[in-house]
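A quick write-up on the structure given underneath.
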Amino acid sequence: MQATAKLEIGLREVAGQTLRVGVRPGDPARPPLLLFNGIGANIELVEPFLDALEGPAAIVFDAPGVGGSPAPALPYRPSMLARLSAHLLDQLGHERADVLGVSWGGALAQQFAFQYAARCRRLALAATSPGHLMVPGRLTVLANMASPRRYRDAEDMKRFAGDIYGGALRGAPERVREHLRHVRWASDYGYYLQLIAAFGWSSLPWLRLLPQPTLVMAGTDDPLVPMVNGRILAKLIPDARLVTIDDGHLFLVTSAAESARVVSEFLH
């Protein structure tokens, strides 16, 4: 397998907001992959997936208040981050992109595909849902997700990671340690801004209007976003298909090679 280029990470001023942005060089003949990360997740957490994905250039950024991106003074909505992402594409010289969103970032990916349909060639959604009206996970899991403690307390992450994320992290402390190695915690405030952004948001009213070929990926053991949410997305988006991964919520990184293969075949 040909070695992939490494992410080049730095700060950029985008439409008045400082963003920590990662750019992975790739095939200039193909549109780049714009990747939206999960809640509380910094750029480095998706590196295992990007290392396994050959071909396209990749763009990923820390959401405002997460990782190395300073927090904004006021809360934001998914539509505002979609607009910020469009400005980032402009700055990097890309008219169109393929878009991949994982978990919380899946909502942002759906929003971008709807708001900027002409700029999104293909859409991939991983371990995500239609938003506020989703089929929820277990209450104990959702209660743990409401707090950012696991990101700043390694012992808390080791204790609850299997229950929250399922799949490969169940009873596998060494996999949890590997996951923690990539965490760059910023602040509780940034985490709560992401929770607030998702509150009340739903794509259900306009999913049938999405024109893009869409790949929906769901984990078979996802306590946080049950697989039925993937079925709903694949049913309502006109040109969508569902692929299941025998893993948990973080399959994009814990089953990086398989996930990268599925995404690569879809993008081609």
Side-chain angles (χ1 to χ4, degrees), residues 7-24 31-43 46 56-126 128-134 186-187 189-214 233 237:
L7 276 170
E8 300 168 0
I9 300 175
L11 295 178
R12 289 178 172 268
E13 290 295 321
V14 182
Q17 170 70 46
T18 302
L19 290 179
R20 182 171 177 259
V21 179
V23 177
R24 200 274 302 276
L33 178 66
L34 175 62
L35 196 153
F36 296 122
N37 220 336
I39 189 166
N42 51 281
I43 291 170
V46 295
I59 303 164
V60 57
F61 62 89
D62 290 340
V66 174
S69 292
L74 299 173
Y76 53 81
R77 299 297 291 165
S79 59
M80 297 165 68
L81 280 192
R83 185 166 61 248
L84 193 65
S85 304
H87 284 303
L88 176 60
L89 287 180
D90 290 340
Q91 191 177 111
L92 295 172
H94 299 294
E95 179 59 32
R96 299 181 81 201
D98 293 323
V99 176
L100 167 61
V102 54
S103 191
W104 181 91
L108 184 51
Q110 292 170 68
Q111 181 70 44
F112 184 91
F114 175 66
Q115 194 169 328
Y116 296 97
R119 304 196 67 173
C120 177
R121 187 186 71 114
R122 287 178 174 253
L123 175 64
L125 303 172
T128 194
S129 77
H132 193 64
L133 299 177
M134 69 179 284
S187 70
Y189 176 62
Y191 188 91
Y192 291 128
L193 283 178
Q194 289 186 288
L195 286 178
I196 292 168
F199 184 77
W201 179 92
S202 176
S203 59
L204 284 177
W206 42 260
L207 279 177
R208 292 189 183 278
L209 301 178
L210 292 182
Q212 299 88 357
T214 302
L233 290 169
I237 298 173

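Remember, it's a predicted structure, so these values are computed and weren't measured experimentally.
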Any donor-acceptor pair under 3.5 Å from [X] side chain to [Y] backbone:
X	Y	answer
Q110	S202	no
R24	P56	yes
W104	Q194	yes
R77	I196	yes
R119	E95	yes
Q212	A113	yes
S129	G131	yes

Inset, instruction - Go through the steps to decide whether I39 and L195 satisfy the test side-chain contact (heavy atoms from CB on, under 4.5 Å), and finish with yes or no. - result: CA-CA 8 Å; I39 189 166; L195 286 178; 3.4 Å; yes

What are the two closest heavy atoms between [X] and [Y], and how far apart are they?
X	Y	value
T18	S69	O-CB, 3.9 Å
L108	P78	CD1-O, 3.5 Å
G68	D62	N-OD2, 2.8 Å
P31	A97	CB-CA, 4.1 Å
L193	P72	CD1-CD, 3.7 Å
R121	R96	CA-NH2, 3.4 Å

Legend entry - Residue pair Y116, S85: steps toward the side-chain contact (heavy atoms from CB on, under 4.5 Å) verdict: CA-CA 10 Å; Y116 296 97; S85 304; over 6 Å; no

Can you tell me how far [atom2] of [Y] sits from [atom1] of [X], rounded to the nearest 0.5 angstrom?
X	Y	atom1	atom2	answer
L33	R122	CG	CZ	12.5 Å
Q111	W201	CD	CH2	6.5 Å
F114	L123	CZ	CG	13.0 Å
L19	H87	CG	NE2	11.5 Å
D98	I59	CG	CD1	10.5 Å
F112	L84	CZ	CG	11.0 Å

Inset, instruction - For atom CZ of F199, decide whether the heavy atoms of other residues, nucleotides or ligands shown that lie under 6.0 angstrom number more than 12. - result: no

Inset, instruction - Give the C-alpha distance, both sets of side-chain angles, the deciding distance and a yes or no for side-chain contact (heavy atoms from CB on, under 4.5 Å) between T214 and L233. - result: CA-CA 9 Å; T214 302; L233 290 169; over 6 Å; no

Inset, instruction - Let me see the working for V66 and Y191 under side-chain contact (heavy atoms from CB on, under 4.5 Å), right down to the final yes or no. - result: CA-CA 7 Å; V66 174; Y191 188 91; over 6 Å; no

Inset, instruction - Find out whether L81 and P64 are in side-chain contact, i.e. whether some heavy atom of one side chain is under 4.5 Å from a heavy atom of the other. - result: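 Side chain of L81 against side chain of P64, heavy atoms only: contact under 4.5 Å found.
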
Legend entry - Sequence-distant partners of T128, side chain to side chain donor-acceptor pair (under 3.5 Å), two or more places apart: none

